[in-house]
Number of protein chains: 2
Amino acid sequence: MIHYNMTTPSPDDPGAPLGFAKHDHHACVTDALSVAEARCAEEGLRLTPVRRKVLEILLREHRALGAYAILDLLREEGFGSQPPVAYRALDFLSENGFVHRIERLNAFVACTHADEAHSPAFMICRLCDTVAEAQSAPARGALGAAAKAAGFQIEKTVVEAEGLCPACVDKAAS
Amino acid sequence: MIHYNMTTPSPDDPGAPLGFAKHDHHACVTDALSVAEARCAEEGLRLTPVRRKVLEILLREHRALGAYAILDLLREEGFGSQPPVAYRALDFLSENGFVHRIERLNAFVACTHADEAHSPAFMICRLCDTVAEAQSAPARGALGAAAKAAGFQIEKTVVEAEGLCPACVDKAAS
DNA sequence: CCAATAGATGATACACTATAACATGACAAC
DNA sequence: GTTGTCATGTTATAGTGTATCATCTATTGG
Ligand SMILES: [Zn+2]
Ligand SMILES: [Zn+2]
Ligand SMILES: [Zn+2]
Ligand SMILES: [Zn+2]
């Protein structure tokens, strides 16, 4: 039950959060799209119109959206509006590292480190659903030791922290 | 799409895995139930028949089960069989630390450290769905640093590693 | 150019997961 | 005994995700 409002922030709204910091969101979106296009060209991946549009939506919104919320936005832009349309695009994008799935929210967020290979960790605000991406190396710590001891071969890790973002901490304090 | 087989292992089957290790599973179940009963008595929590049965089911099966799989087993034992019955029991048990939710599987597993307060991490085999619980301290590493830098207050963390359990590594090698 | 192929999309139907809402029951406090 | 509280039963519905099959579109090889 993610309670997104459906309105898209004006693309050059300087107050939109990347992670939790203010930034030039318009450049942020166009840059990330360029990077994605370049990488697809290099690697022979097909960034088709639907896939590109889904990535653009997630970049614009800059927070986790459920597949059905994405589907609503796709419909508004004239694309197919059945669930597989969104899920297939999201599969492509997440298999190739352009978006990440947030297990805790059953939702998706655009990657903010589109280039390098990485093992992401997320900070999820339980009040405003904002999501920030950080790096993690869980296999190096206690978990890695436990896995080694148990003979378990780690292939992928999910790390998601839930709590309060800076803005909501302030609100709660007042 | 968790593909559990519905059969319950004979309660004293010495081959049932705890984590990934063989152990005396019958004692494992009865001990954990005793611990749960003791703690509920201490803290004034009500371990009612349904709640106790759900915990028993998860202890017996010793792996992650979806709410509807639990519901099927509850029905067989004469309890109510509508979704809220299972979800309410699971809410009680997970709020009080007797079971954990595995976000990645939309499923639940009995805690194997029922006593102490802890921040669990899980190792999930992608072939046989076995789940082992380990400890983690993600807030101490890179994630904690990132949270501090961002002003994010971590309240809870989800750490789930996906990969191959020892048994499935062996099978894959052959 | 045409046919064959492979990948992508469209569309229907369905399966799985979870909660809202309301009625009933059990039990303790007053 | 009435009231309040917590737990359970039950119905209905919301939200999330796939299987399947048909169609389209872009290569590519002849
Ligand atoms: Zn990323
Ligand atoms: Zn917030
Ligand atoms: Zn535990
Ligand atoms: Zn396994």
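Heavy atoms only: backbone and side chains are in, while hydrogens, waters and symmetry mates are out. Source: prediction; values computed, not measured.
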*Asks:* List the residues meeting side chain to side chain donor-acceptor pair (under 3.5 Å) with A/E42, not counting sequence neighbours, and say none if there are none.
*Replies:* none

*Asks:* Tell me the interatomic distance from B/N106, atom CG, to C/dA15, atom P, rounded to whole angstroms.
*Replies:* 18 Å

*Asks:* With the criterion being N/O to N/O and under 3.5 Å, what pairs connect the protein with nucleotides 23-30 of chain C, and how long is each?
*Replies:*
none

*Asks:* Does any part of the side chain of B/L73, heavy atoms only, come nearer than 4.5 Å to the side chain of B/L65, both counted from C-beta?
*Replies:* yes

*Asks:* Verify side-chain contact (heavy atoms from CB on, under 4.5 Å) between A/T30 and A/H26, making sure each step is shown before the conclusion.
*Replies:* CA-CA 6 Å; A/T30 54; A/H26 181 60; 4.1 Å; yes

*Asks:* On a plain distance test, is the side chain of B/Y68 in donor-acceptor contact with the base of C/dA18 below 3.5 Å?
*Replies:* yes

*Asks:* Could you tell me the separation between the CG atom of A/L90 and the P atom of D/dT16, rounded to a whole number of Å?
*Replies:*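 Taking atom P of D/dT16 as the reference, CG of A/L90 is at 13 Å.
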
*Asks:* Tell me, please, which residues at least two apart from B/E56 pass salt bridge (Lys or Arg N to Asp or Glu O under 4.0 Å).
*Replies:* B/K53, B/R60

*Asks:* Can you list every pair that meets salt bridge (Lys or Arg N to Asp or Glu O under 4.0 Å) and has a residue in residues 90-113 of chain A, with sequence neighbours left out?
*Replies:* A/R101-A/E103, A/E103-B/R104, A/R104-A/E162, A/R104-B/E103

*Asks:* D/dT16 P sits how many Å from B/R104 CZ, rounded?
*Replies:* 18 Å

*Asks:* Starting at OH of B/Y87 and ending at P of D/dA12, how long is that distance when rounded to a whole Å?
*Replies:* 19 Å

*Asks:* Specify the separation, in whole Å, of atom CG of A/L105 and atom C1' of D/dG15.
*Replies:* 14 Å

*Asks:* Tell me every residue that passes side chain to side chain contact (heavy atoms under 4.5 Å, CB included) with A/P120, counting only those two or more places apart in sequence or in another chain.
*Replies:*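 Once residues adjacent in sequence are excluded, the partners of A/P120 under the side chain to side chain contact (heavy atoms under 4.5 Å, CB included) criterion are A/H100, A/H118, A/F122, A/E133.
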
*Asks:* Over its full length, what angle do the end axes of the helix from C/dC1-D/dG30 to C/dC30-D/dG1 make, each axis taken from five pairs and the result rounded to 10 degrees?
*Replies:* 20°

*Asks:* To the nearest angstrom, how far is A/F92 atom CZ from C/dA8 atom C1'?
*Replies:*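 For the pair A/F92 CZ and C/dA8 C1', the rounded distance is 11 Å.
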
*Asks:* Could you check how far CG of B/L71 sits from P of C/dC16, rounded to whole Å?
*Replies:*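 Result: 13 Å.
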
*Asks:* Quick one: which residue pairs count as a ring pair (Phe, Tyr, Trp, His ring centres under 6.0 Å) with a foot in residues 151-170 of chain A, not counting sequence neighbours?
*Replies:*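 Only A/F152-B/F20 qualify under ring pair (Phe, Tyr, Trp, His ring centres under 6.0 Å).
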
*Asks:* What residues form a salt bridge (Lys or Arg N to Asp or Glu O under 4.0 Å) with B/R46, not counting sequence neighbours?
*Replies:*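 Salt bridge (Lys or Arg N to Asp or Glu O under 4.0 Å) list for B/R46, sorted by chain: empty.
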
*Asks:* Among all residues two or more places apart in sequence or in another chain, which pass the side chain to side chain donor-acceptor pair (under 3.5 Å) test with A/E155?
*Replies:* B/R126

*Asks:* According to side chain to side chain contact (heavy atoms under 4.5 Å, CB included), who are the partners of B/A142, at least two apart in sequence or on a separate chain?
*Replies:*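 Applying side chain to side chain contact (heavy atoms under 4.5 Å, CB included) to B/A142 gives none.
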
*Asks:* Listed by chain and number, what are the salt bridge (Lys or Arg N to Asp or Glu O under 4.0 Å) partners of A/R75, not counting sequence neighbours?
*Replies:* A/D72

*Asks:* Please list, for nucleotides 9-11 of chain C, all pairs of protein and nucleotide N/O atoms separated by less than 3.5 Å.
*Replies:*
residue, atom, partner, partner atom, Å
C/dT9, OP1, A/T48, OG1, 2.6
C/dG10, N7, A/R88, NH2, 2.6
C/dG10, O6, A/R88, NH1, 3.3

*Asks:* Tell me: CG of A/L47 to C1' of D/dA26, nearest whole Å?
*Replies:* 16 Å

